[in-house]
Amino acid sequence: MVSKKIKQFLFHLKLFLVKKRNPNIEIGNGAKIDFATKIFSCGNKITIGEKVYLRSNPNFYQAGMPFPTTLLTDVKGAVIKIGNNSRINGVYIHAQKEISIGENCVIASGVNIIDTNGHILNSLDRTVGRDTPSEIIIGDNVWIGLNAVILKGVKIGNNSVVSAGSVVKGSFPDNSLIMGNPAQLIKILDITDENSYTI
C-alpha cells in the first residue's frame, strides 16, 4: 500500500510535470492529478479548477477503471475547462472546440466526452473528411455514471444525473434524470429530497 507521503509526493511531481510540459494549463489550488493521468494540450488552454481531482488510480475505486483520465485538445483554439471541486475518475475528454464541466461534478470511470464525431455523416469514403465540432457544456453539480458517452453539442443543466451506459445527445434542463440509448429525460429531480428517486 502506498503511504500518504508518497501519494502527496506523486501529486506534486505530476503537477510540476504537467505545468512544465503544458505552459498554457491553469491548475487551481488544491487540485490533485494522479500520476497516470494523461494531459495533451497541444498549445491550447486547459483550465483545472481548485480542489479538482483527476483520478487515474483504480485502487479503492468502487468499479472498474478501463483507462486513466485523459484530457486532449488537438486542434488550435480548443479548450477544456473543469470547475472547482469536481472529481473526474478515469474519464476520456477530447475537445476540438470546447468542453466545459461545472463545479462539484462527479464523473465515473469509462465515460467518454467528445465534442466531435470524428468523421462526416454522408461520405462515399469513410477514410476522408472530418466533421465540425460543437461545444459541450456540463453544468454544476452533475453526476455522470459509468461508461456514459457524451456527444458533441450536448448541454446538461445543473444538478442533473446521467445514468450508467447512457449515450447522450441534445440539451437537458436543470435537475434532469437522463437515461438510455439514445438518452432521454426520464424525470425532473427534486434535489431537496434525497430519497425521491433511486436509479
For Met65, what are the other residues in its hydrophobic cluster, where any two members join if their side-chain heavy atoms are less than 4.5 angstrom apart?
Tyr61, Leu146
So which heavy atom on Ser160 is nearest to which on Ser176, and how close?
OG-N, 3.0 Å
Hey, could you give me the OG1/CD1 distance between Thr69 and Ile82, rounded to the nearest 0.5 Å?
8.5 Å
Under 4.5 Å between side-chain heavy atoms, hopping through other hydrophobics if needed: is there a path connecting Ile188 to Ile178?
yes
Heavy-atom pair of closest approach, residues Gly139 and Cys105
O-SG, 3.1 Å
Would you be so kind as to tabulate the donor-acceptor pairs closer than 3.5 Å made by side chains of residues 32-41, with sequence neighbours excluded?
{"from": "Asp34", "atom 1": "OD1", "to": "Tyr53", "atom 2": "OH", "distance (Å)": "3.0"}
{"from": "Asp34", "atom 1": "OD2", "to": "Tyr53", "atom 2": "OH", "distance (Å)": "3.3"}
{"from": "Asp34", "atom 1": "OD2", "to": "Ser56", "atom 2": "N", "distance (Å)": "2.8"}
{"from": "Asp34", "atom 1": "OD2", "to": "Asn57", "atom 2": "N", "distance (Å)": "2.9"}
{"from": "Thr37", "atom 1": "OG1", "to": "Asp34", "atom 2": "O", "distance (Å)": "3.1"}
{"from": "Thr37", "atom 1": "OG1", "to": "Leu54", "atom 2": "O", "distance (Å)": "3.2"}
{"from": "Thr37", "atom 1": "OG1", "to": "Ser56", "atom 2": "OG", "distance (Å)": "2.7"}
{"from": "Ser41", "atom 1": "OG", "to": "Asn22", "atom 2": "OD1", "distance (Å)": "3.0"}
{"from": "Ser41", "atom 1": "OG", "to": "Gly43", "atom 2": "N", "distance (Å)": "3.4"}

Considering only Ile, Leu, Val, Met, Phe, Trp and Tyr, and joining two whenever side-chain heavy atoms are under 4.5 Å apart, list the other residues clustered with Leu121.
none
Side chain to side chain contact (heavy atoms under 4.5 Å, CB included) for Ile136 and Ile156? Distances and angles first, verdict last.
CA-CA 8 Å; Ile136 293 171; Ile156 299 174; over 6 Å; no
Report the residues that fulfil side chain to side chain donor-acceptor pair (under 3.5 Å) with Asp125, sequence neighbours left out, ordered by chain and then residue number.
Thr127
Kindly write out the residues that satisfy side chain to side chain donor-acceptor pair (under 3.5 Å) with Lys169, not counting sequence neighbours, or none if the list is empty.
none
Can Ile114 be reached from Ile137 by stepping across I, L, V, M, F, W or Y side chains whose heavy atoms are under 4.5 Å apart?
no
Within one Ile-Leu-Val-Met-Phe-Trp-Tyr cluster: Val162 and Leu185, side-chain cutoff 4.5 Å:
yes
Set of side-chain contact (heavy atoms from CB on, under 4.5 Å) partners for Glu98, sequence neighbours left out:
Val79, Lys81, Ser100, Glu135
For Asp174, give me all partners under side-chain contact (heavy atoms from CB on, under 4.5 Å), at least two apart in sequence or on another chain.
Asn158
Compile the donor-acceptor pairs under 3.5 Å between side chains in residues 87-95 and protein atoms, sequence neighbours left out, one pair per line.
{"from": "Asn89", "atom 1": "ND2", "to": "Ile107", "atom 2": "O", "distance (Å)": "3.2"}
{"from": "His94", "atom 1": "NE2", "to": "Asp74", "atom 2": "OD1", "distance (Å)": "2.9"}
{"from": "His94", "atom 1": "NE2", "to": "Asp74", "atom 2": "OD2", "distance (Å)": "3.2"}

With Lys51, which residues qualify under side-chain contact (heavy atoms from CB on, under 4.5 Å), at least two apart?
Asn85
Atom of Gly49, atom of Ala31 and distance for their closest heavy-atom approach:
O-CB, 3.8 Å
Could you please spell out the steps behind the side chain to side chain contact (heavy atoms under 4.5 Å, CB included) verdict for Thr47 and Ile80?
CA-CA 6 Å; Thr47 303; Ile80 293 174; over 6 Å; no
Contact list for residues 141-167, test salt bridge (Lys or Arg N to Asp or Glu O under 4.0 Å), sequence neighbours left out:
Asp131-Lys152
Contact summary for Ala108 and Gly145, nearest pair of heavy atoms:
CB-C, 3.7 Å
Is a side-chain donor or acceptor of Asp115 paired with a backbone partner of Gln96 at a separation under 3.5 angstrom?
yes
Can you list everything that forms a side-chain contact (heavy atoms from CB on, under 4.5 Å) with Glu50? Sequence neighbours excluded, please.
Asn29, Asn84
Is it the case that one hydrophobic cluster holds both Ile144 and Phe172, taking links as side-chain heavy atoms less than 4.5 Å apart, direct or via other members?
yes
Residue pairs passing the salt bridge (Lys or Arg N to Asp or Glu O under 4.0 Å) test with at least one member in residues 103-114, sequence neighbours excluded, are none
Closest heavy-atom contact between Gly77 and Asn44?
N-OD1, 2.7 Å
State, without any angle test, whether Asn141 and Asn104 hold a side-chain donor-acceptor pair at a distance under 3.5 Å.
no
Steps toward side chain to side chain contact (heavy atoms under 4.5 Å, CB included) verdict (Val149, Leu151):
CA-CA 6 Å; Val149 179; Leu151 297 171; 3.7 Å; yes
So do the side chains of His119 and Arg126 get within less than 4.5 Å of each other, counting heavy atoms only?
no
Which value, rounded to the nearest 0.5 Å, describes the distance between Asn147 atom CG and Ser166 atom OG?
10.5 Å
Reported CD1-to-CD1 distance for the pair Ile48 and Ile27, which is rounded to 0.5 angstrom
4.5 Å
Determine whether Trp143 and Met179 fall in the same hydrophobic cluster, where Ile, Leu, Val, Met, Phe, Trp and Tyr are linked whenever their side-chain heavy atoms lie under 4.5 Å apart.
yes
